[in-house]
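Lettering follows sequence order; numbering is per chain, from 1.
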Amino acid sequence: MGGDLRTSHLGQEVTLFGWVDSRRDHGGVIFVDLRDRTGLVQIVFEPETSPEAHQAADRLRGEYAVGIRGFVRARGEGLANPRLATGEIEVAVRQLEVYNAARPLPFPLDDDGVDENLRLTHRYLELRGKRLTGALAARHRIMQQMRRYLDDRGFLEIETPILTKSTPEGARDYLVPSRVHPGEFFALPQSPQIFKQILMVGGQDRYFQIARCFRDEDLRADRQPEFTQLDCELSWTSQDQILELFEGLMAHLIHASVGANVSAPIPRMSWLDAMNRYGSDKPDTRFGLELCDLTDATRGCSFQVFSGAPVVKGLRVPGGAQRISRSQIDALTDFVRKFGAKGLAYVKVGDPSGPVAKNLAEAELATIVAAAAAEPGDLLFFGAGEWGQVVDVLGRLRLKLGQDLGLIPQGLWNLLWVVDFPMFEYDATEGRLYAMHHPFTSARPSDLPVLARWAAHLDEGGTLTPEAIAELTAVKANAYDMVLNGVELGGGSIRIHQAEVQQQAFRLLGLTPDEIKTKFGFMIEAFTYGTPPHGGIAFGLDRLCMLLSGVPAIRDVIAFPKTQQARDLMAAAPGGVDDKQLKELHVRTVVEG
RNA sequence: GGGGUUGUAGUUCAGUUGGUUAGAAUGCGGCCCUGUCAAGGCCGAGGUCGCGGGUUCGAGCCCCGUCAACCCCGCCA
């Protein structure tokens, strides 16, 4: 293609197709940069080569779709363009064909500043730009590398249904009404979870799929309602084997994409450690600024906010007393309020006049400073309250400070496994347990009796007592997440493969025996026919491509993304449908207002 | 559901304390030009200041509402 031409092609007769990227008309000679997916090449129209082509080139304009025949020749002395890969040569045109003229574009290609609204409406034009062309090519290569890596290790790529069944738990489903079965609906898959486990029952012992998933939840820069996962499952396996296999895959992908060497094995951190040290289950380990525990140091101190709190934690900013101004602290206080903090206590180490320091005896302050290993000139932020709230707020503050103070080194690819997740979270408002990973995740063998006992307790009409909640939230799951630079790339677990244990898990999550039967009966039954132990993992392909391409949003690695309001501006979807279609589907709309 | 940012020629932006005919660059159109490469020179066209309402003698600017894009909270097993 045009962008591939080099001096090795000198003298060759070539046929090129592409778009007019720019046109420089000198009257007697016309230069055009011809662009295709591979890049630019200069083509030259001159009367000496072809009077017809030269004359026809007069009406060329930007983005005309054209084809040319011509011959490759060297540029004259001093006329090479070092900024083009093809800059040593040019193509003298003998014949020009204009396939399609182009109206002036609504915006210039490759201009990052253009309103995204406009770019999304004309996505076909934005796709011609280097940015998207490069990102899509990178995504293609990542997918090819994934396929090769997994194929080499005996995995089969198998497709699972898009029209499937709504299941409780998890995100809101996208629903598809059934024409044949009035009043019934398919759901689009939030992930192929159940199908891939059934594939294991079906003997397809190493499966993968680059699978489209659908979740009808609100969007973010890294969240689209339809997105792609690399979804994997294998039988006769262990957590260690899975971590090893997939850290190998990720190291391979990072090396192939950005050339960085990630040394396997990658570090593993327990969920509890991650929460305590980084205030996040997906810690960004590219920088320090770790949280410290000040609960003991503040026990019984004179400052009621600390002494009355179940947990007090600190975040020490070295030299922060100078680097962070009062107005910045005010802004940070507003920041943490968004996450439910009542305020943001701080002391400037060595300065006893601050609002918090004034409330503490000298010795108490000294104890706290020592516990935080803080030095004069440091700024020490505090979080006091329930453990989950405190670590969450300080974790978010840590990330913000890391960004604001420029503490995050670029060019690092810090991979991390987070392991030993709790099996359940307790929701006090709803009075029920939720699966932290998903309901198919297995527990550590030593915890199985705990599950069995409380499931039986519920079966006998019992309720979730405080004792049950305490014991069950202490249960650890065989689950693991992979984190890259503070972004959750993927996660998985060793699954439950025994019908009885799966029933217990559903019971503990509050499903009635009837619900279990209607929603998951086929799965439970499948587990009674010789199910291999199995486990798997799924990675967010869009996020991975986003990080490896260094772009700020997954929209930038998706050919046709949706807006934050979940619209496709180009296709103008969603849109209304005919009454006839609705009738066939046995659906009536009720639009308020 | 909530908080925030943005919205002015095709595009990116400027527009003073509310004051006459809303500017620049780029793009677009015409003419000139045989070595440019973001070509150059001359000339020209191009505006519902997102939309609706209000305040005012007077609104791009102030107020209220609304729409859209984006960022975030909630939500996303």
Side-chain angles (χ1 to χ4, degrees), chain A residues 21-34 40-49 54 58-59 61-63 75-84 86-87 90 92 102-122 125 167-173 190-191 193-194 213-225 227 334-341 392 396 400 421 423-425 427 432-441 477 479 488 491 493 505-506 509-511 538 540 552-553 555 561-567 569:
Chain A
D21 195 72
S22 72
R23 169 174 166 277
R24 296 175 291 278
D25 185 349
H26 289 242
V29 60
I30 299 171
F31 301 97
V32 167
D33 288 338
L34 186 71
L40 298 181
V41 63
Q42 174 165 284
I43 60 178
V44 188
F45 298 86
E46 50 201 2
E48 295 86 342
T49 310
H54 177 255
D58 186 54
R59 62 187 179 94
R61 293 294 182 274
E63 297 307 309
R75 297 199 184 186
E77 190 69 23
L79 295 176
N81 184 349
R83 278 182 297 172
L84 286 185
T86 57
E90 62 190 12
R103 297 155 58 210
L105 264 44
F107 56 90
L109 302 186
D110 281 316
D111 182 345
D112 286 351
V114 178
D115 183 31
E116 197 159 1
N117 195 334
L118 193 63
R119 287 186 280 143
L120 288 172
T121 306
H122 305 273
L125 294 177
T167 54
E169 306 270 321
R172 200 174 290 115
D173 285 316
Q190 297 182 20
S191 86
Q193 183 61 34
I194 292 173
C213 305
F214 305 86
R215 296 178 189 176
D216 188 3
E217 298 292 347
D218 288 335
L219 287 75
R220 290 286 187 284
D222 62 352
R223 271 165 33 193
Q224 286 270 307
F227 61 100
D334 288 341
F335 174 79
V336 297
R337 284 210 172 102
K338 285 199 296 189
F339 309 104
D392 177 58
R396 291 176 191 264
K400 179 153 178 64
F421 281 83
M423 181 103 169
F424 302 107
E425 280 175 296
D427 182 330
R432 54 156 292 193
L433 295 170
Y434 282 89
M436 193 165 229
H437 184 57
H438 59 47
F440 316 107
T441 301
E488 183 192 329
S493 61
F506 285 142
L509 291 169
L511 274 75
R555 290 189 302 278
K562 293 183 177 50
T563 67
Q564 198 171 49
Q565 295 304 311
R567 279 189 184 282
L569 292 181

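- The partner of B:rA69 is B:rU5, judged by Watson-Crick or G-U wobble contacts that both fall below 3.5 Å.
- Side chain A:Arg223 to base B:rC76: a donor-acceptor pair is found below 3.5 Å.
- Annotation: of the two residues near RNA chain B, A:Ala566 and A:Glu217, the 5′-most nearest-nucleotide partner is A:Ala566.
- Protein atom NE2 of A:His54 is 12 Å distant from nucleotide atom P of B:rG35, rounded to whole Å.
- B:rC28 and B:rG47 have their C1' atoms separated by 15 Å, given to the nearest Å.
- Every residue two or more places apart in sequence or in another chain was checked for a ring pair (Phe, Tyr, Trp, His ring centres under 6.0 Å) with A:Phe107, and none qualifies.
- Partners of A:Ala505 according to the side-chain contact (heavy atoms from CB on, under 4.5 Å) rule, which considers only residues two or more places apart in sequence or in another chain, are A:Ile496, A:Gln502.
- Looking only at side-chain heavy atoms (C-beta outward), A:Ser493 and A:Phe440 stay at 4.5 Å or farther from each other.
- A:Phe214 pairs by the ring pair (Phe, Tyr, Trp, His ring centres under 6.0 Å) definition with nothing, not counting sequence neighbours.
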Scan nucleotides 28-31 of chain B against the protein and return all N/O pairs shorter than 3.5 Å with their distances rounded to 0.1 Å.
from	atom 1	to	atom 2	distance (Å)
B:rG29	OP1	A:Arg61	NE	3.2
B:rG30	OP2	A:Arg61	NH2	3.2

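- Straight-line distance between the C1' atoms of B:rC49 and B:rU21: roughly 16 Å, to the nearest whole Å.
- For A:Asp25, the side-chain hydrogen bond (donor to acceptor under 3.5 Å, both in side chains) criterion is met by A:Arg23, not counting sequence neighbours.
- Between the side chain of A:His54 and the main chain of A:Val44, no donor-acceptor pair closer than 3.5 Å is present.
- To the nearest whole angstrom, the two C1' atoms, one in B:rG60 and one in B:rG19, are 13 Å apart.
- Here A:Ser191 lies in heavy-atom contact (under 4.0 Å) with a base.
- B:rC64 and B:rU55 have their C1' atoms separated by 10 Å, given to the nearest Å.
- With a 3.5 Å ceiling on both atom-pair distances, B:rC49 lacks any Watson-Crick or G-U wobble partner.
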Name the pairs: protein N/O against N/O of nucleotides 44-46 of chain B, kept only if under 3.5 Å.
none

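- Residues A:Pro106 and A:Leu118 share a closest heavy-atom pair of O-CD2, 3.7 Å.
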Next item on the list: Starting at the 5' end of nucleotides 36-43 of chain B, put B wherever the base has a protein heavy atom under 4.0 Å, S where only the sugar-phosphate does, and a dash everywhere else.
Entry: BBSB----
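- Rounded to whole angstrom, the span from the CG atom of A:Leu125 across to the P atom of B:rG27 amounts to 18 Å.
- Of all the heavy atoms in A:Pro225 and A:Lys562, the pair that sits closest is CG-CD, 3.8 Å.
- Taking the P atoms as reference points, B:rU6 lies 13 Å from B:rG15, given to the whole Å.
- A distance of about 13 Å separates the C1' atoms of B:rU8 and B:rA24, rounded to the whole Å.
- Here B:rG4 presents its P atom at 16 Å from CZ of A:Phe335, a figure rounded to the nearest Å.
- A salt bridge is absent between A:Lys338 and A:Asp334: the closest approach of a Lys/Arg side-chain nitrogen to an acidic carboxylate oxygen does not fall below 4.0 angstrom.
- Side-chain contact between A:Pro104 and A:Arg61 is absent, with no heavy atoms from C-beta onward closer than 4.5 Å.
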Could you go over nucleotides 70-72 of chain B and give all protein N or O partners under 3.5 Å, atom names and distances?
from	atom 1	to	atom 2	distance (Å)
B:rC70	OP1	A:Gln564	N	3.3
B:rC70	OP2	A:Gln564	N	2.7
B:rC70	O3'	A:Arg555	NH2	3.1
B:rC71	OP1	A:Arg555	NH1	3.1
B:rC71	OP1	A:Arg555	NH2	3.1
B:rC71	OP2	A:Arg555	NH1	3.4
B:rC71	N4	A:Gln564	OE1	3.4
B:rC72	OP2	A:Ala221	N	3.3
B:rC72	O2'	A:Lys338	NZ	3.2

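- Looking at A:Arg223 and A:Asp218, no side-chain N of the basic residue comes within less than 4.0 Å of a carboxylate O on the acidic one, giving no salt bridge.
- With sequence neighbours left out, A:Gln190 forms a side-chain hydrogen bond (donor to acceptor under 3.5 Å, both in side chains) with A:Asp173.
- Distance, A:His122 NE2 to B:rA68 P: 18 Å, rounded to whole Å.
- Atom CG in A:Asn117 sits roughly 17 Å away from atom P in B:rU6 (whole-Å rounding).
- Taking atom P on both nucleotides, B:rU66 is separated from B:rG3 by 11 Å, rounded to a whole Å.
- Side-chain atoms of A:Arg172 come within 3.5 Å of backbone atoms of A:Asp216 as a donor-acceptor pair (strictly under, hydrogens ignored).
- Nearest heavy-atom pair, A:Ala435 versus A:Leu509, reported as atom, atom and distance to 0.1 Å: N-CD2, 3.4 Å.
- The nearest whole Å value for the distance from the CZ atom in A:Arg337 to the P atom in B:rG74 is 17 Å.
- In this structure, the CZ atom of A:Arg172 is 11 Å from the C1' atom of B:rG74, given to the nearest Å.
- Contact check for A:Phe45 versus A:Asp58: no side-chain heavy atoms found under the 4.5 Å cut-off.
- Checking side-chain atoms of A:Thr121 against main-chain N and O of A:Leu569 turns up no donor-acceptor pair under 3.5 Å.
- Pairs engaging residues 109-120 of chain A under the side-chain hydrogen bond (donor to acceptor under 3.5 Å, both in side chains) rule: A:Glu116-A:Arg555, A:Arg119-A:Glu126 [sequence neighbours left out].
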Next item on the list: Encode nucleotides 7-15 of chain B as B, S and - characters from 5' to 3', where the letter depends on protein heavy atoms closer than 4.0 Å: B to the base, S only to sugar-phosphate, - to neither.
Entry: ---SSS---
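- When the C1' atom of B:rG27 is taken as reference, atom CD of A:Glu63 falls 13 Å away, rounded to whole Å.
- Residues satisfying the side-chain hydrogen bond (donor to acceptor under 3.5 Å, both in side chains) test with A:His122, not counting sequence neighbours, are A:Tyr124.
- Straight-line distance between the P atoms of B:rC37 and B:rC31: roughly 23 Å, to the nearest whole Å.
- Figure legend. B:rU21 is base-paired to no nucleotide; pairs are counted as Watson-Crick or G-U wobble with both atom distances under 3.5 Å.
- Both A:Gln190 and A:Val44 sit near RNA chain B, but only A:Val44 has its closest nucleotide nearer the 5' end.
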